[in-house]
Amino acid sequence: MNTMLDHSHIMQEAAAPAAQLILLCHAAGADAASLRPLGERLRETFAQATIVSLQAPLPSGSPNGFEWFASADLSEENRVLSVAQALPALQNAVRYWQKRSGVAPAATALIGLSQGAEMVLETSKHPPMLASRVVAMGGRFTTLPTAPPAVTTTHFLHGRLDAVVHYSHSVHAAHHLRDMGSDITAEVVPFVGHELHPDLIELAITKLSTHIAPHLWTAAQEAAAQQYGDDAPQ
């Protein structure tokens, strides 16, 4: 049995080829259904998208909970190996849904919460590009990337009161990626802890629906200039 595929929640499946693919990765100790509030808001906004909440493959210590990598006895020393061993299963699941939905990486978005955020951030470090947009909610990189991530845009969303993963992880990562020339956004939300808070959900929707990466905007302007010359819209 493939837990990640067999127990994932299809929140919306558009006829192939879908306009885009949005895959969700839950926190440790939770399950695919725990991200339903996020999935429902995504459905309202992206009617032509296939939206799937993936279920992590490992049973966790909590009742009926799952995790992407073992959290028991986790340390900074063994974290790197644990995450590296967990990544292939997630990468394969993303490729499966891309094939099923007919969506290329350029129209794929990955959203993760907590441990799920760490997983989607880590996927962005490995070329070729698996998804063009990554949204990390209350998460962190296992280790900061040494090269610009293979992703168009990374959105960091973090609660300032997060007592599990300190918001400084997102701030430092955002500065690090910005300094490497990557397109990033970062929001630290007051009065929000380590949770799937409605404010984080709304920010994720806003980022995915309105943010245009600078290089895409530049390319659009250049194309318009070639087509319309001096009459191109500014």
Side-chain angles (χ1 to χ4, degrees), residues 1-9 22-36 38-39 52-98 108-131 133-147 149-151 154-159 162-170 172-173 176-177 193-196 200 204:
M1 176 182 292
N2 188 322
T3 299
M4 197 178 304
L5 297 180
D6 293 342
H7 296 290
S8 294
H9 279 223
I22 306 174
L23 299 176
L24 317 180
C25 296
H26 62 77
D31 61 7
S34 66
L35 295 182
R36 183 164 295 282
L38 173 59
V52 182
S53 183
L54 302 175
Q55 182 130 307
L58 303 177
S60 70
S62 62
N64 301 316
F66 293 84
E67 57 190 6
W68 302 94
F69 53 89
S71 54
D73 302 319
L74 190 65
S75 66
E76 289 300 311
E77 289 71 28
N78 63 29
R79 190 182 204 103
V80 174
L81 179 59
S82 296
V83 173
Q85 291 174 335
L87 273 181
L90 176 57
Q91 292 167 327
N92 289 339
V94 174
R95 294 187 183 103
Y96 165 83
W97 279 105
Q98 286 173 337
T108 300
L110 304 180
I111 308 177
L113 173 66
S114 186
Q115 196 186 75
E118 183 167 354
M119 292 295 293
V120 301
L121 286 171
E122 289 299 305
T123 64
S124 73
K125 291 165 56 176
H126 300 276
M129 185 176 75
L130 192 64
R133 295 167 296 167
V134 164
V135 181
M137 306 169 72
R140 54 167 288 184
F141 277 108
T142 305
T143 58
L144 290 175
T146 57
V151 65
T154 307
H155 301 290
F156 296 95
L157 307 177
H158 221 121
D162 193 328
V164 178
V165 181
H166 197 272
Y167 73 87
S168 61
H169 282 289
S170 287
H172 291 157
H176 182 73
L177 266 60
H194 193 73
E195 58 187 313
L196 185 65
L200 295 181

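Not measured: the values here are computed from a predicted model. Excluded from the calculations below are hydrogen atoms, water molecules and symmetry mates; all remaining heavy atoms, backbone and side chain alike, are included.
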Using the test side-chain contact (heavy atoms from CB on, under 4.5 Å), find all partners of [X] that sit at least two apart in sequence or belong to another chain.
X: Ser62; result: Ser60
X: His176; result: Leu144, Pro145, Met180
X: Arg95; result: Gln91, Asn92, Gln98, Leu130
X: Glu76; result: Arg79, Arg140

Please find the pair of heavy atoms, one from [X] and one from [Y], that lie closest to each other, and give the distance.
X: Gly139; Y: Ser170; result: O-OG, 3.7 Å
X: Ala131; Y: Met129; result: O-CG, 3.2 Å
X: Val135; Y: Ala204; result: CG1-CB, 4.2 Å
X: Tyr167; Y: Gly159; result: CB-O, 3.8 Å
X: Arg133; Y: Val151; result: N-CG2, 3.7 Å
X: Pro88; Y: Gln85; result: CD-O, 3.5 Å

[atom1] of [X] to [atom2] of [Y]: how many Å apart, nearest 0.5 Å?
X: Leu90; Y: Leu110; atom1: CG; atom2: CG; value: 7.0 Å
X: Asp73; Y: Ser82; atom1: CG; atom2: OG; value: 10.0 Å
X: Leu157; Y: Leu113; atom1: CG; atom2: CG; value: 10.5 Å

Within a strict 4.5 Å, meaning less than it, do heavy atoms of the [X] and [Y] side chains meet?
X: Leu196; Y: Ser34; answer: no
X: Val120; Y: Ile111; answer: no
X: Glu122; Y: Phe141; answer: yes
X: Leu74; Y: Phe69; answer: yes
X: Leu35; Y: His9; answer: no

What residues, two or more places apart in sequence or in another chain, satisfy side chain to side chain donor-acceptor pair (under 3.5 Å) together with [X]?
X: Ser114; value: His194
X: His155; value: Thr185
X: Ser75; value: Glu77, Asn78

Flag, side chain of Trp68 to backbone of Leu87, donor-acceptor distance under 3.5 Å: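 Absent.
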Short side-chain to backbone donor-acceptor contact, Ser53 and Ala32, under 3.5 Å: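 The answer is yes, because a donor-acceptor pair under 3.5 Å joins these two groups.
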Derivation and outcome, side-chain contact (heavy atoms from CB on, under 4.5 Å), residues Met119 and Val83: CA-CA 7 Å; Met119 292 295 293; Val83 173; 4.3 Å; yes
Aromatic ring pairing Phe66/His7, orientation class (parallel under 30°, perpendicular over 60°, tilted between):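 Ring orientation of Phe66 relative to His7: parallel.
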With Glu67 via salt bridge (charged side-chain N to carboxylate O under 4.0 Å, His left out) - residues at least two apart: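 Here no residue qualifies.
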